[in-house]
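Data first, discussion second: the structure below is written as structure tokens.
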Amino acid sequence: MFRAGMIQQLSSGIYSYLPLALRSIRKIEKIIREELNSRSCEEVLMPAVLPAELWRESGRWDLYGDLLLRFRDRKGNDYCMGPTHEEVITDMVRRNLRSWKQLPWNMYQIQGKFRDEFRPRFGLMRGREFIMKDAYSFDVDEEEAKRSYQRMYDAYTAIFKRCGVQFKAVDAATGDIGGEMSHEFQVLADSGEDLILSCTSCDYAANIEKATTSRLATNAKKKANEATQHALEEVETPGQKTIEEVSQFLNVDASRFLKSLVYEADSKPIVVLIAGNQDVNESKLQAALGCGQLRLATDQFVEKTIGVLPGYVGPVKLDPGIPIYADLSVQEAANWISGANKTNFHIKNVNVGRDFTAELFMDIAIASAGDSCPRCERGRLEEHRGIEVGQLFYLGTKYSKLMNCCFLDENGESQPAQMGCYGIGVGRTLAATIEQNHDEHGIRWPIPVAPWEVVVLPLQLEDEKVVQEAEAAYQGFKAAGIEVVLDDRAERAGYKFKDADLIGYPVQVVLGNRSVASGLAELKYRSNGEKMEIPLTELVERVKNWILQRRGGDI
Ligand code: ATP
Ligand code: MG
């Protein structure tokens with residue numbers, strides 16, 4: 001985008017949008033507006049500078065952390081730049097909402113947001129100031145709220161389809177605890193920051209941070225319960241600490257080991273158990289524990305609290321003050337091998353229930369490519385990289401309760417509104433479109449979001465006939481409603497071709513003196529590099545038809 005002259009950096013993560021970028025952004029915004037307006041969403045525009053009081057009401061003034069840019073006005077009042085607008089819209093709605101009869105409401109805005117990102121990078125992909133479409137829904141009950149959520153899901157599907165990008169909607173809920181619902185819309189691109197797992201057979205797809213592992217476990221669990229439990233047996237494993245080392249030393253498969261990890265959860269020690277051939281997904285663990293801060297304990301911390309180094313930690317005879325949390329895989333086998341809480345020793349035949357108890361069994365394993373699908377159990381999971389361009393959240397009554405945004409229901413009782421919030425990164429959508437559609441020469445726009453559709457390239461500006469035909473073609477396209485640029489700069493042909501490829505005009509119309517003399521124009525389609533000669537008399541009509549077929553909406 002820098003090379004094509006689309007954006008210019010003013011400061012870290014802060015950009016000016018130059019004409020080409022702004023044209024594409026306006027097109028994306030138009031698609032968004034059309035799809036939302038047709039689903040009864042109403043556009044509003046909220047301020048970018050937000051008073052701290054509102055953020056204190058929701059508790060986020062303290063919780064939001066360093067992403068929030070805070071400052072004072074001349075009177076000493078605290079303000080922030082809005083990174084998202086749940087507080088403002090909830091305040092707007094509570095001042096107007098009286099009765100259930102007024103709902104549902106869905107309001108959105110397209111506005112500049114500010115987040116003081118730790119590492120702004122890749123241009124518009126992760127800026128500090130960026131354009132977002134944010135929408136918020138208010139409903140009478142959970143069922144209606146979920147209907148609103150579904151409507152937004154459908155709108156997002158339509159929006160990204162019309163933008164001409166390849167995308168996937170993936171499950172981004174933080175697990176089934178709490179019944180929260182969230183989806184991310186991910187544009188597929190190798191350079192994407194996010195890892196997505198999707199099923200080869202059904203439509204299951206999830207961010208790897210959230211992906212559930214297969215629940216085929218029931219059978220295994222039954223078998224484990226029925227297995228004969230052998231007596232505990234200590235074995236000496238001098239200097240063998242990692243699962244790999246001990247499994248080689250004892251000549252037993254890694255899957256037979258109970259990996260016992262010590263974490264600090266909100267500064268308190270906990271032990272987390274998982275089968276030796278699996279790994280803990282820390283975002284799932286944190287969500288399942290519902291804790292604020294979670295980190296793997298240092299060797300020193302483990303030694304201090306348990307008395308041995310990490311390799312020898314296990315669940316048997318553990319200090320009862322240290323809670324144990326276990327992955328579901330721990331229920332799937334009997335007679336485990338684990339650390340013995342004694343330096344240079346492991347212990348064989350460890351069994352759930354008999355030798356230790358866990359506070360909670362939960363799905364906290366990392367799902368990975370090749371696993372069987374947790375939904376259909378037939379397909380396999382495969383891995384993709386993606387760029388998160390949008391996200392949907394079902395919020396429930398979190399903000400409406402904290403900020404007293406209530407209405408009287410049919411029985412005259414006061415109820416908090418059920419809310420959802422829905423974001424699309426407009427600039428990131430543009431950047432992701434380019435990331436997915438480019439080659440070494442430049443951008444290969446999908447027509448619906450290309451800044452311009454056609455460039456007319458007269459090669460010899462001194463040739464009157466060429467100039468005349470170029471002007472005629474330019475006027476012809478304009479009259480036909482095609483977005484056209486006439487590149488009449490006095491530059492070499494090669495230079496202009498390079499620019500045309502870089503900027504990525506979907507159709508290049510090349511007019512050279514020889515072809516013009518034979519009544520022909522040369523066409524090049526940027527998407528596939530296809531070139532052809534066509535009679536000047538058919539030029540506008542043929543290009544117009546080609547473009548109209550690809551606009552994919554009334555842009
Ligand atoms: P990320 O995980 O990438 O930081 P997020 O999940 O915090 O994003 P949301 O709060 O879901 O972001 O915001 C809605 C949308 O806004 C995102 O899906 C993304 O497209 C866009 N967005 C968020 N942060 C940025 C940013 N720093 N620069 C550009 N777009 C952004
Ligand atoms: Mg998000």
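Both ligands and their constituent atoms are indexed starting at 1 by order of listing.
Considering backbone and side-chain atoms together, Arg128 places no N or O closer than 3.5 Å to any N or O of ligand 1. Backbone and side-chain nitrogen or oxygen atoms of Gly127 are examined, and one is located within less than 3.5 angstrom of a nitrogen or oxygen of ligand 1. At least one N/O-N/O distance between Glu117 and ligand 1 falls below 3.5 Å. Below 3.5 Å of separation, one finds no N or O of Phe393 facing any N or O of ligand 1. Considering both main-chain and side-chain atoms, Gly425 comes within under 3.5 Å of ligand 1 through a nitrogen or oxygen pair.
Not a single heavy atom of Ile387 sits under 4.0 Å from any atom of ligand 1. Residue contacts with ligand 1 include Gly390, since one of its heavy atoms falls under 4.0 Å from the ligand. Contact analysis puts Val389 in contact with ligand 1, with a non-hydrogen atom separation below 4.0 angstrom.
Using cut-offs of 30° and 60° on the angle between ring planes, the pair Phe71 and Tyr79 is parallel. Between Tyr15 and Phe2, the two ring planes are tilted [angle within 30° to 60°].
Between Lys113, Arg115, Glu184, it is Arg115 that holds the heavy atom closest to atom 7 (O) of ligand 1. Residue nearest to atom 13 (O) of ligand 1, selected from Met132, Lys133, Met125, Gln186: Met132 (by heavy-atom distance).
Using a distance-only test at 3.5 Å, with no hydrogens or angles considered, no donor-acceptor pair links the side chain of Ser198 to the main chain of Ala205.
Surrounding CZ of Arg378 are at most 12 heavy atoms belonging to other residues, nucleotides or ligands under 6.0 Å away.
Residues Tyr17 and Gln8 bring no donor and acceptor atom of their side chains to less than 3.5 Å of each other.
For the pair Ala21 and Ile7, the tightest heavy-atom approach, listed with the atom from each and the gap, is CB-CG2, 4.1 Å.
When the options Glu87, Glu86, Arg60, Glu57 are evaluated for a side chain to side chain donor-acceptor pair (under 3.5 Å) with Tyr399, the one that passes is Arg60.
The minimum distance between the Mg ion (ligand 2) and any N, O or S atom of Glu388 involves atom OE2.
The proximity of Leu124 to ligand 1, defined as any non-hydrogen pair under 4.0 Å, is limited to the backbone.
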